[in-house]
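The structure that follows is given in the form of structure tokens.
Just so it is clear, the structure is predicted and the values come from calculations on it, not from any experiment. For this chain, numbers begin at 1 and follow the sequence in order.
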Amino acid sequence: MTDDPFSLSLPEGWTVELDVDASVDDPRSQVVYESPDSRFRVTITEFSRGLTLYWWVDIFARAGGEWHRRETGLGDSFRDPEAVAAAAQDALDRLGGSLESELESFAND
């Protein structure tokens with residue numbers, strides 16, 4: 001298990017991975033939180049524009065063997081690491097605390 005750079009409280013069974021793409025044209029990194037059944041992901045993507053660092057949070061659901069984006073950016077590109085951590089924690093809490101039927105509905109939207 002990878003150390004979580006945002007120190008979020010993960011729902012039971014969820015994992016965290018760091019995915020770094022150090023390309024010169026698109027330097028960014030991503031933290032991926034994945035549900036125990038590999039059906040849902042919450043990602044925090046870090047990127048820079050000029051000298052400014054930004055993050056955004058996305059939610060993905062797995063269907064037909066592929067990841068499909070269900071929510072993008074959760075409404076904002078964040079410049080404050082505490083704000084992005086709060087948005088990601090909210091997403092994890094929603095997904096980790098939902099009933100199976102709610103998750104199924106979320107995946108099929």
Side-chain angles (χ1 to χ4, degrees):
M1 183 160 145
T2 304
D3 289 331
D4 180 2
F6 292 95
S7 301
L8 301 185
S9 297
L10 299 180
E12 187 174 334
W14 282 65
T15 59
V16 61
E17 280 186 37
L18 299 178
D19 180 29
V20 178
D21 177 8
S23 137
V24 174
D25 295 332
D26 188 17
R28 62 185 173 149
S29 65
Q30 193 172 65
V31 181
V32 178
Y33 303 91
E34 191 167 311
S35 66
D37 56 5
S38 298
R39 290 184 55 213
F40 298 98
R41 280 186 172 174
V42 174
T43 64
I44 298 175
T45 303
E46 178 181 289
F47 62 100
S48 63
R49 295 290 182 256
L51 298 175
T52 305
L53 192 58
Y54 296 93
W55 296 269
W56 74 75
V57 178
D58 294 316
I59 297 174
F60 293 86
R62 191 165 185 86
E66 296 181 7
W67 289 107
H68 300 275
R69 192 172 306 201
R70 294 296 176 215
E71 289 189 41
T72 304
L74 293 183
D76 206 354
S77 291
F78 299 93
R79 293 178 58 191
D80 176 13
E82 290 181 17
V84 76
Q89 185 67 62
D90 182 56
L92 288 171
D93 291 345
R94 282 189 319 168
L95 289 172
S98 295
L99 298 173
E100 184 64 29
S101 62
E102 291 178 72
L103 290 174
E104 189 65 37
S105 168
F106 186 74
N108 292 326
D109 284 344

Kindly determine whether Y33 and D4 satisfy side chain to side chain contact (heavy atoms under 4.5 Å, CB included), including the steps that lead there. CA-CA 9 Å; Y33 303 91; D4 180 2; 2.7 Å; yes
Can you tell me if E46 uses its side chain to pair, donor with acceptor, with the backbone of L53 under 3.5 Å?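 Side chain of E46 to backbone of L53: no pair is present.
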Inter-residue atom distance D90.CG - L8.CG, 0.5 Å rounding: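 Those atoms lie 11.0 Å apart.
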State plainly whether one hydrophobic cluster holds both V32 and V16, where clusters connect Ile, Leu, Val, Met, Phe, Trp and Tyr through side-chain heavy atoms under 4.5 angstrom apart.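 Looking at the clustering, V16 is in a separate group from V32.
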About how many Å separate CZ of R39 and CH2 of W67, when rounded to the nearest 0.5 Å?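 Between W67 CH2 and R39 CZ, I get 9.5 Å after rounding to 0.5 Å.
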Side chain to side chain donor-acceptor pair (under 3.5 Å) involving E34 - partner list, sequence neighbours excluded: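 Side chain to side chain donor-acceptor pair (under 3.5 Å) check on E34 returns S38, R41.
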Set of side-chain contact (heavy atoms from CB on, under 4.5 Å) partners for T52, sequence neighbours left out: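 side-chain contact (heavy atoms from CB on, under 4.5 Å) check on T52 returns Y54, R79.
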Q89 side, atom CD; F6 side, atom CZ - distance, nearest 0.5 Å: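 Spacing of CD (Q89) from CZ (F6) equals 12.0 Å.
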Looking at OG of S9 and CG of L92, how far apart are the two atoms once the value is rounded to the nearest 0.5 Å?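 Going from OG on S9 over to CG on L92, the span is 9.0 Å.
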Indicate the atoms forming the closest heavy-atom contact of I59 with A91, along with that distance.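 In terms of heavy atoms, the two residues are closest at CD1-CB, 3.8 Å.
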Note, I44 side chain near F78 side chain (heavy atom, < 4.5 Å):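 No. Closest side-chain heavy atoms not under 4.5 Å.
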Value rounded to 0.5 Å, distance of CH2 in W56 from CD in Q30: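 Taking CH2 in W56 and CD in Q30, the distance rounds to 8.5 Å.
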To the nearest 0.5 Å, what is the distance between CG on D3 and CG on L18?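 So the gap between those two atoms works out to 8.5 Å.
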If the condition is side chain to side chain donor-acceptor pair (under 3.5 Å), which residues does T43 pass it with, not counting sequence neighbours?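 In terms of side chain to side chain donor-acceptor pair (under 3.5 Å), with neighbours along the sequence ignored, T43 is linked to no residue.
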Side chains of V31 and P5, heavy atoms from C-beta outward: is any pair under 4.5 Å?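 SC-SC contact between V31 and P5 confirmed.
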